[in-house]
Amino acid sequence: MIKLPKFLTIFAMIVLFPISAETKETYIPILVPITGFLSLEGTAQRNGAIQALDEASSSLKIKYEVSDTSTSPEIAVTALQRALSRGKPVAIAAPIFGTQMLAMLPIAKRAGVPLITVSGTAKLTELDNPFIFRFFPGDAVVKVAHARYVTEVLRAKRPALLYQTTAYGQSGYSHLSKALRKAGVPLVFEEALAPSVKDMLPALTKLRASKPDVILLHLHSTPTALAIRQARNSGIELPIVAGSAMHQPSTAKLLKDHQLRGVCAETAASPISETHPKLIQFTTEYKKRFQTLPDAFALAQYDGMNMVITALRSGAKTAMDIRNWLATNTFNGLAMKYKSDGKGNMGHDATIVCYDGTTKTPKITKKYLNVDGTFN
Amino acid sequence: MLDISLQIILNGISLGCAYALITLGFVLVINAIGAVNFAQGDFVMAGGFLTVVLAEFMVADNFNPIRASGVIILPLVLISMACFGFLFSMIAYKPLKNRPPVTVFISTIAMGLIIQHSINAGFGPEPQIGPALISSGTITIGTLTISKQQISIILSASFLILCVGFLMNKTQLGRKLRAASQDSEMAESIGINGPQCISITFSLAIALAGAAGLLLSNQFFVTTSDGGLYMLKAYIAVTLGGWGRLDGAVIAALAVGLFEVIMATLVSYVVAEALLFAALLLVLLFRPSGLFAEAIQRRT
């Protein structure tokens with residue numbers, strides 16, 4: 001047998017097996033709705049994910065690509081199948097739109113790839129699918145906090161609710177009405193509105209006739225702003241406690257300061273209201289990168305991707321490794337501490353923010369920690 | 001109760017007036033080319049965004065609400081959108097004019113998507129608010145509170161509808177447009193420039209869509225996904241009013257606006273929408289040419 005000099009052996013190894021010599025690229029697709037009625041939230045998701053992955057690129061070789069899932073489940077499924085065919089993703093940033101997530105979940109399960117989402121639809125984590133990880137607290141958390149703020153802090157006795165006809169709206173309505181009933185304060189009025197409804201006066205007229213002492217909203221961004229403006233213009237000055245859409249800077253921008261007086265919102269976090277240096281740094285960097293202010297969806301997706309990055313840094317290599325790491329570890333994110341409740345619900349805190357009528361930056365009024373008892 | 005009822009009726013009329021502008025443009029194009037312009041709703045949205053841009057441009061150096069009011073911007077929007085309309089006819093219609101109508105409507109769907117995604121890419125997904133036409137305040141008469149913007153919408157839309165009526169019925173240009181839309185070959189044989197008439201019709205239709213976008217952008221905000229909604233409402237109004245009938249389209253659009261708010265008040269939004277579509281199905285079943293049947297010919 002001919003003996004090769006040592007350097008020739010090393011040279012041959014590098015030439016013949018180049019993959020072993022270079023760091024393997026980790027593939028993380030970002031599948032979010034950038035167009036359609038959830039484009040605002042989807043863009044926030046995309047921005048949060050990109051910021052986290054770019055920040056990690058100094059120490060990890062991560063390849064990501066963004067695909068628009070628009071507003072239909074078919075487009076989301078096609079985007080997922082395309083992402084799976086292009087490589088071996090270790091995790092996927094998945095859309096906020098619950099209807100799309102429901103369609104994507106069985107495919108992700110078959111492929112064994114964890115979906116990292118901020119979708120609030122409760123049903124997603126009730127399907128025994130081990131590949132979903134939701135970093136925005138679900139309705140079982142935020143709607144309980146919503147109801148607790150209304151009944152415990154505002155001491156309301158006659159709440160009235162306007163909610164969306166979408167899966168998001170139905171899920172929120174179900175949890176909110178249940179929590180209110182449990183607190184002995186049932187809804188005196190409720191109406192579902194399609195996202196396309198522009199004129200809210202018919203609903204507000206009926207709502208006013210029911211003599212409520214607080215208005216609850218569980219609507220998307222534009223309908224939330226429309227409902228508040230039309231209520232204030234109609235002389236309805238009741239306190240309004242809205243869903244998470246109201247904490248978004250782009251929603252507040254549509255309203256005048258005085259119309260925001262007495263308006264509160266539930267959310268996971270409000271990055272622009274926070275004073276912690278790390279959150280200020282996140283907000284500053286986000287604004288610099290994307291020329292817009294971050295919201296809780298951007299922050300939650302940022303935290304979600306950072307938990308995946310932490311798993312990679314801890315030695316996770318495959319999608320299954322990442323899934324197992326996410327399912328069993330606790331992560332201190334910027335918005336909150338995340339831990340799976342066994343079903344993939346990672347966020348367990350909720351925040352109530354309120355506007356004082358002089359500025360469009362809400363103030364954090366109340367924080368509800370560990371609402372569902374996961375950390376007990 | 002009376003003041004609330006009046007307020008709701010006023011809402012329905014103002015919404016119906018905006019729908020009427022959209023529908024009017026829709027019917028003008030149907031009459032001219034015999035095919036549906038599915039980008040009409042996206043041009044409403046584009047008009048809203050153009051309004052936002054013009055308003056910001058006008059107040060950029062020195063804030064002056066009067067300079068940025070919608071009534072000052074309206075002529076600029078009408079002219080700009082008319083130019084877009086001309087360009088649109090050159091791109092989406094002219095190269096396909098000898099193809100079956102289905103080709104043209106697919107081309108308009110594609111153009112609508114291009115407009116929507118381009119605006120989304122340029123402005124981002126955030127909803128925007130346009131300036132009020134004159135003022136966004138309210139007038140209180142006894143217990144009745146009326147939004148100045150609603151009154152402005154009704155007056156502006158009525159004025160524009162009357163202008164279109166005058167143009168089409170009382171001017172030489174209008175007669176040419178009608179002649180070209182009724183029988184283009186015959187019109188060309190007597191010296192009317194058919195392709196030019198079609199381009200003018202597109203300009204007029206899209207200028208009206210832009211005006212509707214301006215009127216709606218303050219009261220209802222504007223987002224890039226709004227086009228589909230307005231398109232659907234225009235389609236329903238045209239089907240109810242009769243394909244090709246300008247007066248029928250205006251009446252049907254007003255009826256749709258009123259029907260929506262009244263039924264939503266009496267029952268619910270979900271029922272109002274279901275009943276609107278049920279009415280549409282009944283019309284298609286028993287009077288497919290619409291409630292105000294077209295006198296000339298059936299369109300495809």
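As the structure is a prediction and not an experimental result, all values here were calculated from the model. Letters A, B, ... are given to chains in the order of the sequence lines, protein chains preceding strands, and every chain is numbered from 1.
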Against chain B, work out which of [options] has the most heavy-atom pairs shorter than 4.5 Å and name it.
options                              : answer
A:Ser39, A:Pro195, A:Pro249          : A:Ser39
A:Asp68, A:Thr222, A:Leu204, A:Thr71 : A:Thr222
A:Glu191, A:Arg208, A:Arg229         : A:Arg229

Which region of A:Ala225, side chain (C-beta onward) or backbone (N, CA, C, O), has a non-hydrogen atom less than 4.5 Å from a non-hydrogen atom of chain B, or is it both or neither?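 For A:Ala225, backbone and side chain are both near chain B.
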
Under 4.5 Å from a heavy atom of chain B, the part of A:Ala203 involved: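 For A:Ala203, heavy atoms of backbone and side chain both lie under 4.5 Å from chain B.
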
Of the non-hydrogen atoms in B:Glu273 and A:Ala194, which two are nearest, and what is the gap between them?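 Here B:Glu273 and A:Ala194 meet closest at OE1-CB, 4.3 Å.
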
So which heavy atom on A:Ala192 is nearest to which on B:Tyr269, and how close?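 Shortest heavy-atom contact: O-CB, 4.3 Å.
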
Report, as yes or no, whether the 6.0 Å neighbourhood of atom NZ on A:Lys253 holds more than 12 heavy atoms from other residues, nucleotides or ligands.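 Correct, the count exceeds 12.
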
Could you tell me which portion of [X] (side chain, backbone, both or neither) has an atom closer than 4.5 angstrom to a non-hydrogen atom of chain A?
X        : result
B:Glu260 : neither
B:Ser268 : both
B:Val271 : neither
B:Ile129 : both

Verify side chain to side chain contact (heavy atoms under 4.5 Å, CB included) between B:Gln149 and A:Asn233, making sure each step is shown before the conclusion. CA-CA 12 Å; B:Gln149 177 67 5; A:Asn233 285 349; over 6 Å; no

To the nearest 0.5 angstrom, please state how far the [atom1] atom of [X] sits from the [atom2] atom of [Y].
X        : Y        : atom1 : atom2 : value
A:Asp199 : B:Ile8   : CG    : CD1   : 8.5 Å
A:Thr35  : B:Gln116 : OG1   : CD    : 6.5 Å
A:Leu254 : B:Glu126 : CG    : CD    : 9.0 Å

Pair B:Asp226, A:Lys198 - check side chain to side chain contact (heavy atoms under 4.5 Å, CB included), show working. CA-CA 10 Å; B:Asp226 280 346; A:Lys198 298 279 187 187; 3.1 Å; yes

Against B:Val270, only a single residue in A:Thr165, A:Leu193, A:Val197 fulfils side chain to side chain contact (heavy atoms under 4.5 Å, CB included); can you say which?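 Exactly one pass, corresponding to A:Thr165.
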
Show, in sequence, the C-alpha distance, side-chain angles and deciding distance for A:Ile34 and B:Asn120, and conclude whether the side chain to side chain contact (heavy atoms under 4.5 Å, CB included) test is met. CA-CA 8 Å; A:Ile34 298 167; B:Asn120 196 48; 4.2 Å; yes

Only pairs of heavy atoms separated by less than 4.5 Å count here; which of B:Ser225, B:Ala121, B:Ala272 has the most with chain A?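 So the answer, after comparing B:Ser225, B:Ala121, B:Ala272, is B:Ser225.
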
Side chain to side chain contact (heavy atoms under 4.5 Å, CB included) evaluation trace for A:Gln230 with B:Phe220: CA-CA 10 Å; A:Gln230 289 175 24; B:Phe220 299 129; 3.8 Å; yes

